[in-house]
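The structure appears below as structure tokens.
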2 protein chains.
Amino acid sequence: MYIEDYQKSRYLVIIDKLKEEIDRGNLTAGERLPSETELAKNFKVSRSTVREALRALEQENIVTKKHGIGTFINQKPLYSNGIEELFSVTDLIQRKGYTPGTKLIFSDYIIPNKHEKQKLSLKDNEKILLVKRIRTSNGEPLVYCIDKVPQYLLPNECKLDRESIFDFLEAKVNIKIDYATTSIGTTSYLPEISDALKCDMDTPLLVLKQSHYDENDQLVLYSINYFRSDNFNFHVFRKRLK
Amino acid sequence: MYIEDYQKSRYLVIIDKLKEEIDRGNLTAGERLPSETELAKNFKVSRSTVREALRALEQENIVTKKHGIGTFINQKPLYSNGIEELFSVTDLIQRKGYTPGTKLIFSDYIIPNKHEKQKLSLKDNEKILLVKRIRTSNGEPLVYCIDKVPQYLLPNECKLDRESIFDFLEAKVNIKIDYATTSIGTTSYLPEISDALKCDMDTPLLVLKQSHYDENDQLVLYSINYFRSDNFNFHVFRKRLK
DNA sequence: ACGGATTTGTTCGTATGTATA
DNA sequence: CTATACATACGAACAAATCCG
């Protein structure tokens, strides 16, 4: 009987219901929601619970609250490639509806140089697995990926050559990548990389250097991704503070 | 007497106090905060208020809460140029401790082309103010800015040649820019722009195309910024969802 | 310009649920 | 199993912003 809604907090249920209303078109862009008091009455919960739900929706940029006026459905649905959400290259390609592929260039354990040692905060004698791959989207080269993982995190002999590193770490080693700090820059023609991506000397590359952390704030993966930027952009939603 | 702390909500005060403790080093990275109940007792507020403060700090990526364990100061210092926060180029330069400057290239009202008309959702006959400027940091050219503002938003004859457009719109026209949707890409050498930025043919440019909206979701400014990327990176904090 | 009605913001106190050590 | 810590939920009160007659 009460198996149905078992263990789902009320405010989460309200979020789902409101999102459904929006998807279904009963609530459209720019429209004002019923007041918090009204919503509370409708959903038969307290105003606090409604506010909890609205807060989450505001954080997702789905609604905007205005003091003394009301809560409004946002104009901009956004969700393009919002770069502020961390996903693997595999995910990135799949979300665009394309088929991801991988060409392995290099994969082996190496002795880290000073810079790598510092980035991954390694002790002496600790090696890293260095993987270089070209990721393709429907067969077309899109990204040149260089990934570095400390050896001590990995099972023996593992080469990480095929699958998504994110998926592998999660499935086989039980490491969940939680967040990353990323720097975004560019570079001009680099022989090794530009040629592999089949782009000419005039095509600059978009470079993402990322330090990935797990849920315990351990740095588990440092990666450099070179994107062909002629047919590729990232998007960010930027919000003014204060 | 009571003029001092006039009208500042308690949770904001708590946020400031906790940040101060962190800055001062009394609370260091990785450390666990006192429990919510304890903090409430210390600050002489209810636990709800403490939670309100902690929620905000979590959103700013300053602390992480773990169910049943505690609240922890984050490892990562974060936000150098967190691009997810929207600020003007003037702010950007000032935050780095440099002195911003401006060289005006062009400023006049023009009849928009089809693309501009669509981007700014203009009616027929509506002109736009087109401004092209080089922004300098301690005298060195850093960004080439192209800004487009619908004429009907501006006072007569205004040319926006000197100051920050953000500041001008806020101070003189009472338009507050609230958020922007941004695409990040690159471009190779462009004569007009690369030369102005004094960079050679091998230096790619980082391109930010931004649609700026005010608090009523009105598109008020479309801008294209070309950054010299040889001495400049953006940073993003990317978080995994789910 | 004023006042009252509406709406969101802040704070409190309390109770109960759930995760972790 | 128990104590601790965070998560969810309720209801109440007052503050502050906005709107409208």
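Side-chain atoms are counted along with the backbone in the values below, which use heavy atoms only and exclude waters and symmetry mates. Just so it is clear: chains get the letters A, B, ... in the order the sequence lines come, proteins before strands, and each one is counted from 1.
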For [N], does either OP1 or OP2 sit under 4.0 Å from a side-chain N or O belonging to [X]?
X       : N      : value
A:Thr71 : C:dT8  : yes
B:Lys65 : D:dA7  : yes
B:Arg51 : D:dA7  : yes
A:Ser9  : C:dG17 : no

Nearest whole Å is fine: how far is [N] [atom2] from [X] [atom1]?
X       : N      : atom1 : atom2 : value
A:Glu36 : C:dA5  : CD    : C1'   : 16 Å
B:Glu58 : D:dA5  : CD    : C1'   : 14 Å
A:Lys44 : D:dT8  : NZ    : P     : 23 Å
B:Leu12 : D:dA16 : CG    : C1'   : 14 Å
A:Phe72 : D:dA17 : CZ    : C1'   : 13 Å
A:Glu52 : C:dT8  : CD    : C1'   : 15 Å
B:Lys66 : D:dT4  : NZ    : C1'   : 17 Å
A:Leu54 : C:dT8  : CG    : P     : 8 Å

Residue of the set A:Thr90, A:Leu86, A:Ile175, A:Asp91 for which side-chain contact (heavy atoms from CB on, under 4.5 Å) holds with A:Phe166: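 Single side-chain contact (heavy atoms from CB on, under 4.5 Å) partner of A:Phe166 among A:Thr90, A:Leu86, A:Ile175, A:Asp91: A:Leu86.
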
side-chain contact (heavy atoms from CB on, under 4.5 Å) partner of B:Pro34, the single match among B:Thr71, B:Val50, B:Leu39: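 Only one option passes, and that is B:Leu39.
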
Shortest non-hydrogen contact from B:Leu54 toward B:Glu36: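 B:Leu54 and B:Glu36 have their closest heavy atoms at CD1-CG, 3.8 Å.
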
Closest approach of B:Thr182 to A:Arg238 (non-hydrogen atoms, all atoms of both residues):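 Looking at all heavy atoms of both residues, the closest pair is OG1-CD, 3.2 Å.
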
Which residue lies more 5' along DNA chain D, comparing B:Glu38 with B:Ser48 via nearest heavy atoms: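 Nearest nucleotide further toward 5': that of B:Glu38.
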
Presence of donor-acceptor pair under 3.5 Å, side chain of B:Arg47 and base of D:dA5: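 Result: no qualifying N/O pair found.
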
Side-chain donor/acceptor contact of A:His67 with base of D:dA16 under 3.5 Å: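 Side chain to base: pair present.
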
NZ or CZ of A:Lys66 within 45° of A:Phe72 ring axis and under 6.0 Å: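 The answer is yes; both the distance and angle limits are met.
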
A:Tyr11, nearest nucleotide to its side chain (from D:dT8, C:dA21, D:dC6):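 The listed nucleotide nearest to A:Tyr11's side chain is D:dT8.
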
Closest nucleotide among D:dA9, D:dC19, C:dT8 to the A:Arg10 side chain: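 The closest nucleotide is D:dA9.
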
Residue met sooner reading DNA chain C from 5', once B:Thr49 and B:Gly68 are mapped to nucleotides: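 Here B:Thr49 is the residue nearer the 5' end.
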
Sugar-phosphate only, base, or nothing, as touched by A:Arg32 at under 4.0 Å among non-hydrogen atoms: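 Touches sugar-phosphate only.
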
